[in-house]
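Computed from a prediction, not measured in an experiment: that's the story for all the values here.
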Amino acid sequence: CVNRLPAVACGDKFQAKRLSRRLPSADPASTIPSLADLCCCMSGQDDQPLLKDGAGGAAGDDPGGASLCIDGLSYSNKNPSTGALSPVLHDISFVVNPGELCYVMGRAGPWMPTLLQLCGSQRVEGAVSGTITYDGVPASAELRHVITLISKEEHFDCISLLTVREVLMCMARLRLGHLDSAGQGARVDEVIAMLGLQKCAHVKLGSSMVRGVSGGEKKRVGIGLGLVASPRVIILDEPTTGLDSTTALDVMSHVSSAIAKQARRSVTAGIHMPSAEVFALADKLVLIADGRMVYSGPQLGAVEIGRAHV
């Protein structure tokens, strides 16, 4: 039941030419494309533009999404006292292209935040093998501007008296220093519209002591903080945690329709026990059991396999 590498058809002659140009021709065996090569071919983009893009742009200056490719990723924790390695992830491979929403699912455990942090180039300790690429470019600190990892934790109590727009404007001033005030405001307005926050844009965030926006709106504000700089790859760490099924569906509907489909970003979300409606929003699914991948492919494919084994 393992569908590890989804089939790829590169019928476009230009893409096929680019793929063959990327592969050495001296050794016949080397002409077999790697997952990263297929990923770059599917995205239709070259390596260098990814490196040259800045950290966001003005309205209308959208760099577009980038493909996230994980190929043979394994990770082990290292005991600081004994030096012994404890395996956490084993040979994980999947691809998320622009316009796709991918759910990473499995039993709760340390593997989930570890995998998401590795995808977002946010974890450096431990023993790592395999490759992580964005549009075929190996992950590195130089590419932090193209990816955002949005944590499930929300630390809004200290800024509970600020409105939704004020919070997003603060982030814009921090991340979009190359734009003037008007450009920063335009980008914030884009994010507010993208996440459906227009009605609460001038409402305080609130806290346990201050009345403010709802839980679902606050979750969308947290996602919006990561979108201000126009990242090309988006990683969400349990975006539905603490939400009821209706609110979770509202949040993930905005993620699927506005961020993945309309903004053409590649979105990977770690998620536990989604409702049927939230589950149906996914384009791809990666199932992990005990740190090992048991399925990677279209969401509907996993449903058919599950029905066949009932």
Side-chain angles (χ1 to χ4, degrees), residues 43 45 49-68 96 98-101 120-122 134-135 141-151 154-156 158-205 212-214 216-237 239 250-269:
S43 68
Q45 299 183 23
L50 185 70
L51 295 170
K52 294 179 181 178
D53 284 337
D61 186 25
D62 190 349
S67 293
L68 168 65
V96 186
E100 294 178 341
L101 171 60
S121 299
Q122 300 288 325
Y134 312 125
D135 270 358
E142 296 178 357
L143 299 181
R144 290 285 180 88
H145 64 276
V146 305
I147 187 167
T148 185
L149 172 60
I150 300 173
S151 172
E154 297 174 350
H155 304 285
F156 291 150
C158 60
I159 54 174
S160 59
L161 296 181
L162 296 180
T163 67
V164 170
R165 195 175 194 282
E166 287 171 343
V167 170
L168 293 174
M169 277 301 299
C170 287
M171 180 61 73
R173 293 190 181 101
L174 290 172
R175 298 295 304 275
L176 303 178
H178 59 289
L179 298 180
D180 58 19
S181 180
Q184 294 170 357
R187 176 55 187 164
V188 167
D189 290 337
E190 280 186 359
V191 172
I192 288 175
M194 183 186 302
L195 296 174
L197 295 171
Q198 297 95 324
K199 292 183 179 180
C200 63
H202 300 289
V203 178
K204 295 177 181 179
L205 284 181
V213 299
S214 67
E217 290 168 339
K218 189 174 292 187
K219 182 71 72 172
R220 279 183 273 156
V221 172
I223 295 174
L225 289 173
L227 298 180
V228 167
S230 300
R232 302 178 63 179
V233 178
I234 298 167
I235 311 293
L236 301 176
D237 185 4
D250 182 46
V251 170
M252 294 311 298
S253 294
H254 281 89
V255 170
S256 175
S257 62
I259 302 176
K261 300 300 185 293
Q262 295 179 19
R264 301 296 298 171
R265 295 303 193 262
S266 57
V267 184
T268 303

So, does Ser160 use its side chain to make a donor-acceptor pair with the main chain of Leu205 at under 3.5 Å? no

Taking atom OG1 of Thr148 and atom CG of Leu225, what is their separation to the nearest 0.5 Å? 9.0 Å

What's the shortest heavy-atom distance between Ser67 and Pro98, and which atoms? OG-CD, 3.3 Å

With a 4.5 Å cut-off on side-chain heavy atoms, are Ile259 and Ile223 touching? yes

Between atom NE2 of His202 and atom CD of Glu166, what is the distance when rounded to the nearest 0.5 Å? 9.0 Å

Step-by-step side chain to side chain contact (heavy atoms under 4.5 Å, CB included) determination, Ile150 to Asp237: CA-CA 6 Å; Ile150 300 173; Asp237 185 4; over 6 Å; no

Do Val255 and Ile234 have side-chain heavy atoms sitting under 4.5 Å apart? no

Over all heavy atoms of both residues, which pair between Ser253 and Ser257 is shortest? Give the atoms and the distance, please. O-OG, 2.7 Å

Is any side-chain heavy atom of Arg220 closer than 4.5 Å to a side-chain heavy atom of Val213? no

Can you confirm whether Lys204 is buried at NZ, in the sense that more than 12 heavy atoms of other residues, nucleotides or ligands lie under 6.0 Å from that atom? no

Heavy-atom donor-acceptor pair, Arg264 side chain to Gly65 backbone, under 3.5 Å: no

Reported CG-to-CZ distance for the pair Leu168 and Arg175, which is rounded to 0.5 angstrom: 13.0 Å

Which value, rounded to the nearest 0.5 Å, describes the distance between Met194 atom CE and Ile192 atom CD1? 11.5 Å

Going through the distances and angles, do Met252 and Leu101 end up as a side chain to side chain contact (heavy atoms under 4.5 Å, CB included)? CA-CA 10 Å; Met252 294 311 298; Leu101 171 60; 4.3 Å; yes

What distance do Leu197 atom CG and His254 atom NE2 have between them, rounded to the nearest 0.5 Å? 7.0 Å

Closest approach of Tyr134 to Ser121 (non-hydrogen atoms, all atoms of both residues): OH-OG, 2.9 Å

Criterion side chain to side chain contact (heavy atoms under 4.5 Å, CB included) on Arg265 and Ser230, from CA distance to verdict: CA-CA 9 Å; Arg265 295 303 193 262; Ser230 300; 4.0 Å; yes

Distance-minimising heavy-atom pair for Gly226 and Pro231: O-CG, 3.3 Å

Do Arg173 and Gln184 have side chains that approach each other closer than 4.5 Å (heavy atoms only, starting at C-beta)? yes

Heavy-atom distance under 4.5 Å between the side chains of Lys218 and Cys200, does that happen here? no

What verdict does the side chain to side chain contact (heavy atoms under 4.5 Å, CB included) test give for Leu227 and Leu195, after you've listed the backbone C-alpha separation in whole Å, the side-chain angles of each residue and the deciding distance to 0.1 Å? CA-CA 10 Å; Leu227 298 180; Leu195 296 174; 4.2 Å; yes

Quick one: pull up CD1 in Ile235 and OG1 in Thr268 and give me the separation to the nearest 0.5 Å. 4.0 Å

What heavy-atom pair brings Val188 and Ala172 nearest, and what distance separates the two atoms? CG2-CB, 3.8 Å

Given side chains that start at C-beta, do those of Leu176 and Arg187 come closer than 4.5 Å, heavy atoms only? yes

Quick one: are Ser256 and Lys261 in side-chain contact, heavy atoms under 4.5 Å? yes

